[in-house]
Amino acid sequence: RLYFFAAKHLVTSVYCVSEQIKSQLIEFGMPSSLIKTQLLGLDLTIYKRRQQIDIQDAKERPLRILTVADARPEKGLDILILAFLQAKRQIQNAHLRIIGDGPLLAHARILTESCGIQDSVDFLGRRDDVPELLSQGDLYVQPSLSEGLPLAVMEAMAAGLPIIASDVGGMSELLEDRVSGLLIPPGCIDCLAAAIVELIDDVALRESLGRNAYEKSRNFDFKKSVQI
């Protein structure tokens, strides 16, 4: 609070990436007149839109569930792994890809092995070809316990992926529940597992969510962003 007290007397403008963060700054005492909301921008030309699923192809290979995150407590990878385990009891035809590294990655690997699902989970590490990997996916999951405005979700939207995400931070500013994504309570393993099963079972819903997410992502073009 001392920082915010000093900052409000020294700065002329404060930019934040979501309305939720703006509200937090106001709660800490920052004058609302100084705060401007500036969404992050993407170079949309590097994202390939995921094409409509070929039903025959989907029967011949596991559906690919993706997440992009560093393995840190707030990212909820353990929740995703346990939810995936639960979902696999109902849906066998699914494979999880975890993109990123981080201090808890070894723990995530051990948890996967202890659950006996290591053959259905790939740890891809930190990658420079995330847009290409997203274009190869069928479903994106963001199981975070806390967030600002997650760039990874914006990228998944730009790739036209149907998305399941925890309703934290500015997530609801990106996704409208059951219109452009499924929003679930943070930390709820049962809720995440049920959402995964629902989207794997319901091709039409997957396609609808992915299409609407893609259309909304057109607003993320960095060329439209205000120059700071």
Side-chain angles (χ1 to χ4, degrees), residues 18 20 58 62-125 130 133-134 137-157 161-203 205-206 208-210 213:
S18 73
Q20 185 264 347
L63 293 177
R64 303 182 186 110
I65 302 171
L66 276 65
T67 191
V68 180
D70 281 339
R72 300 181 182 277
E74 67 273 15
K75 294 302 181 181
L77 286 184
D78 54 340
I79 293 165
L80 174 55
I81 291 168
L82 294 173
F84 181 66
L85 168 65
Q86 191 168 312
K88 286 281 286 182
R89 295 171 182 153
Q90 300 179 61
I91 302 293
Q92 294 298 313
N93 192 33
H95 202 98
L96 176 62
R97 287 181 164 184
I98 297 174
I99 304 166
D101 53 20
L104 295 182
L105 192 62
H107 169 76
R109 290 180 182 275
I110 292 170
L111 178 60
T112 299
E113 292 171 2
S114 68
C115 290
I117 55 174
Q118 64 272 18
D119 291 339
S120 297
V121 180
D122 291 330
F123 290 90
L124 302 184
V130 170
L133 292 171
L134 289 173
D138 299 298
L139 170 61
Y140 184 86
V141 179
Q142 189 82 11
S144 304
L145 301 177
S146 65
E147 281 287 359
L149 195 76
L151 182 63
V153 170
M154 296 171 66
E155 292 183 302
M157 294 172 71
L161 284 171
I163 298 166
I164 302 169
S166 302
D167 191 4
V168 294
M171 204 74 74
S172 61
E173 297 174 42
L174 293 176
L175 301 173
E176 183 178 353
D177 189 33
R178 306 198 72 82
V179 175
S180 50
L182 295 185
L183 296 176
I184 60 170
C188 181
I189 295 170
D190 291 344
C191 299
L192 179 51
I196 291 172
V197 171
E198 179 180 7
L199 286 192
I200 289 178
D201 279 342
D202 194 334
V203 176
L205 181 58
R206 283 206 312 271
S208 174
L209 296 179

Out of curiosity, Met171 CE to Glu147 CD, how far, rounded to the nearest 0.5 Å? 5.0 Å

Given side chains that start at C-beta, do those of Leu111 and Leu77 come closer than 4.5 Å, heavy atoms only? no

Closest heavy-atom pair, Ala152 versus Val68, reported as atoms and distance to 0.1 Å, is CB-O, 3.8 Å

Check Ala94 against Ile200 and note the closest heavy-atom contact, atom names and distance. CB-CD1, 3.8 Å

Would you say the side-chain atoms of Ser208 pair up with the backbone N or O of Leu205, donor to acceptor, closer than 3.5 Å? no

Any side-chain heavy-atom pair from Pro150 and Leu174 closer than 4.5 angstrom? yes

Can you tell me which residue among Leu199, Leu139, Leu161 is in a side-chain contact (heavy atoms from CB on, under 4.5 Å) with Ile65? Leu139

Minimum side-chain heavy-atom gap Leu80-Leu96 below 4.5 Å: yes

Please confirm whether the backbone N or O of Gly100 pairs with a side-chain atom of Asp70, one donor and one acceptor, at under 3.5 Å? no

Consider only side-chain N and O atoms of Asp78 and His107, and report whether a donor and an acceptor are under 3.5 Å apart. no

Test your reading of the model: is there a side-chain donor-acceptor pair from Tyr140 to the backbone of Met157, 3.5 Å cut-off? no

Could you measure the distance from the CG atom of Leu209 to the CG atom of Asp177? Nearest 0.5 Å is fine. 9.0 Å

Please examine the side chains of Ile81 and Val121, heavy atoms only from C-beta on, and report whether any two atoms are closer than 4.5 Å. no

Apply side chain to side chain contact (heavy atoms under 4.5 Å, CB included) to residues Leu145 and Ser166 and explain how you reach the verdict. CA-CA 7 Å; Leu145 301 177; Ser166 302; 5.8 Å; no

Could you report the tightest heavy-atom contact between Pro143 and Leu192, atom names first, then the distance? CB-CD2, 4.1 Å

Smallest separation among heavy atoms of Ile163 and Ala156, with atom names: CD1-CB, 3.9 Å

Does any part of the side chain of Ser144, heavy atoms only, come nearer than 4.5 Å to the side chain of Glu74, both counted from C-beta? no

Measure across Ala87 and Ile196 and return the closest heavy-atom pair with its distance rounded to 0.1 Å. CB-CG2, 3.9 Å

Side chain to side chain donor-acceptor pair (under 3.5 Å), paired with Ser120, selected from His95, Lys88, Gln92: Lys88

Ion pair check, Arg206 and Glu198, cut-off under 4.0 Å: no

Atom pair OG/NZ of Ser146 and Lys75 - distance to nearest 0.5 Å: 7.0 Å

In Å, rounded to the nearest 0.5 Å, how long is the span from CZ of Arg72 to CG of Leu105? 11.5 Å

Is there a donor-acceptor pair under 3.5 Å between the side chain of Thr67 and the backbone N or O of Val141? yes

Using the rule given for side chain to side chain contact (heavy atoms under 4.5 Å, CB included), can you reason through Leu149 versus Met154, listing the C-alpha separation, both sets of side-chain angles and the distance that settles it, and then say yes or no? CA-CA 9 Å; Leu149 195 76; Met154 296 171 66; 4.2 Å; yes

If you look at every heavy atom in Ala195 and Leu182, which pair is closest and at what distance? CB-CD1, 4.1 Å

